[in-house]
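A, B, ... follow the sequence lines: proteins, then strands. Residue 1 opens every chain.
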There are 2 protein chains.
Amino acid sequence: MTTQDLPSTAGNPESSGRTIPPASVARLTIYLRALNSLLAEGVERASSEELAEAAGVKSPMLRKDLSYLGSYGTRGVGYDVQLLTRTISARLGLTQEWRVAIIGAGNLGRALAGYSGFTTRGFEVAAIFDADPSIIGTEIGGLKIHNTADLETVLHRTGANMVVLAVPGRVAQDLCDKLVAAGITSILSFAPVVLQVPPHVQVRKVDMATELQILAYHAQRAQESELDSETRARKAQ
Amino acid sequence: MTTQDLPSTAGNPESSGRTIPPASVARLTIYLRALNSLLAEGVERASSEELAEAAGVKSPMLRKDLSYLGSYGTRGVGYDVQLLTRTISARLGLTQEWRVAIIGAGNLGRALAGYSGFTTRGFEVAAIFDADPSIIGTEIGGLKIHNTADLETVLHRTGANMVVLAVPGRVAQDLCDKLVAAGITSILSFAPVVLQVPPHVQVRKVDMATELQILAYHAQRAQESELDSETRARKAQ
DNA sequence: CCATGTGAATGCCTTCACAGCC
DNA sequence: GGCTGTGAAGGCATTCACATGG
């Protein structure tokens with residue numbers, strides 16, 4: 001790939017863009033949330049300092065992140081909240097609607113199906129699946145639970161183009177394979193296993209056990225350094 | 001801080017340790033899971049190649065990560081599954097038991113309370129809280145739901161030293177402040193807001209909306225490059 | 001003047017290649 | 001001989017400092 005087959009940015013100031021570093025993409029979603037709060041409060045302008053504060057980052061970082069989108073601020077003034085909101089949304093792909101299928105109607109699947117943060121911004125729950133015959137056919141929030149045996153058919157019929165996997169680890173890879181076979185390329189997995197997928201499929205993982213373990217690591221270190229300083233204090237006596 | 005007051009590693013081959021890079025800590029939890037699977041299958045030894053495969057990383061990375069723990073492999077042979085499991089567990093702080101309080105007994109809180117992956121490894125649910133009078137006093141999985149008004153008392157009585165916050169964004173900061181005041185220093189938050197805490201408090205955030213938005217970004221890019229290549233193909237005709 | 005946008009500097013993480021050891 | 005452990009190299013991400021432009 002040479003400089004020449006770079007996408008159509010040349011005469012196209014609109015979707016002005018090269019690829020955004022992954023770390024920045026993650027933070028853009030946070031900025032978006034901060035901006036939505038400001039929007040709700042009726043705030044029209046904000047400086048990088050104010051936005052950074054709200055997002056919990058330092059202002060130079062926020063400015064660098066925003067610079068990947070192009071130049072949407074006004075020097076000496078700040079950013080127009082509405083414009084910036086629209087710009088980030090567009091760039092993250094939130095102006096089109098995404099149809100999400102939830103696989104697994106256990107506790108977690110139900111919680112997700114009822115999660116309002118879902119529908120509020122560009123994500124629509126398109127279908128819910130489970131393998132348990134005793135709950136297939138019953139409804140959750142107005143959506144009938146489908147049989148995972150009908151995965152491909154129902155995914156296509158409902159137009160689902162994203163999937164949230166909320167199933168036990170032992171069946172996750174099997175379902176994942178079926179999703180890939182059905183043409184799904186975006187998967188958010190809550191299953192505590194490493195999913196093997198072809199390179200064109202994006203998988204993101206949310207893992208409570210991992211997060212708790214990371215907290216445990218830091219908590220233990222804090223304990224140790226506490227003990228250390230006690231020991232030191234005792235020696236110093 | 002000079003080299004001299006480095007912790008007690010000198011004559012202490014046991015907890016051989018300097019601080020592990022954050023990125024490595026995160027992966028160690030994954031290795032641990034892979035090791036537990038192997039253990040369950042009765043496998044006694046594994047090479048860095050095999051472990052890396054199971055964890056979805058490249059072998060040099062796994063070896064570097066493990067090197068932060070010290071030297072627990074055998075050259076020419078590989079790693080003893082049991083020994084490595086114990087070593088990682090100890091270093092992550094999983095040999096002591098952590099008592100977790102869940103704040104918020106909505107759909108998500110209930111799902112978490114019932115999550116088996118919790119209790120299986122060093123984490124015990126110590127208490128559950130909610131602010132809704134209509135469910136306070138009822139039980140979930142044998143645990144009575146406490147009033148968030150009694151937060152501090154109950155946290156101390158139950159010996160909780162970690163908290164999972166599963167409450168709506170608008171009340172998260174308020175509860176977080178109360179947790180900090182009660183002496184909690186490890187918080188896993190599912191609330192879609194940036195929590196402000198003093199530096200000695202560790203907060204980790206799990207955020208489904210963010211994860212979906214990141215997927216949307218990549219999905220949109222995939223769409224675009226697909227369109228691009230179609231256009232190019234058409235032009236080439 | 002003031003706050004944005006950005007090249008340059010720094011630091012962290014990952015990858016590589018191979019020395020060291022069983 | 002084979003696989004671990006690790007210094008060195010390379011690639012990202014973050015921070016800094018300031019030039020730029022309303």
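Applying the salt bridge (Lys or Arg N to Asp or Glu O under 4.0 Å) definition to pairs two or more places apart or across chains, those involving residues 191-218 of chain A are A/R204-B/E211, A/K205-A/D207, A/D207-B/R33, A/E211-B/R204. Residues in residues 20-31 of chain B take part in these salt bridge (Lys or Arg N to Asp or Glu O under 4.0 Å) pairs, two or more places apart or across chains: B/R27-B/D65.
Residues passing the side chain to side chain donor-acceptor pair (under 3.5 Å) test with B/S48, sequence neighbours excluded: B/R63.
Interface residues of residues 33-57 of chain B facing DNA chain D, ordered by number: B/S47, B/S48; criterion, heavy-atom separation under 4.0 Å.
For D/dG22, neither phosphate oxygen OP1 nor OP2 lies less than 4.0 angstrom from any side-chain nitrogen or oxygen of A/Y79.
Under a cut-off of 6.0 angstrom, the local environment of CD in A/E44 is sparse, with at most 12 non-hydrogen atoms contributed by other residues, nucleotides or ligands.
Results of the side-chain contact (heavy atoms from CB on, under 4.5 Å) test with B/L175 over B/V180, B/V163, B/V167 single out B/V167 as the only residue that passes. Of the residues listed (A/L35, A/V81, A/V57), the one engaging A/L51 in a side-chain contact (heavy atoms from CB on, under 4.5 Å) is A/L35, and it is the only one.
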- Expected string for nucleotides 14-21 of chain C under the B/S/- scheme (protein heavy atoms, under 4.0 Å, primed atoms plus P, OP1, OP2 as sugar-phosphate) is SBBB--BB
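Distance CD1 (B/I20) to P (C/dC13): 12 Å, rounded to an integer number of Å. Protein atom CG of A/D80 is 16 Å distant from nucleotide atom P of D/dG22, rounded to whole Å. If you take CG of A/L84 and C1' of C/dG5, they are 14 Å apart, rounded to a whole angstrom. Atom OH in B/Y72 sits about 18 Å away from atom C1' in C/dC22, given to the nearest Å.
Direction change of the helix axis from one end of the helix from C/dC1-D/dG22 to C/dC22-D/dG1 to the other is 0°, with five pairs defining each end axis (rounded to 10°).
We find the CG-CG distance between B/L28 and B/L32 to be 8.5 Å, quoted to the nearest 0.5 Å.
Counting only distance, with no hydrogens or angles, the side chain of A/S89 and the backbone of A/R86 share no donor-acceptor pair below 3.5 Å. Side-chain N or O atoms of A/Q220 include one that pairs as donor or acceptor with a backbone N or O of B/A90 at under 3.5 Å.
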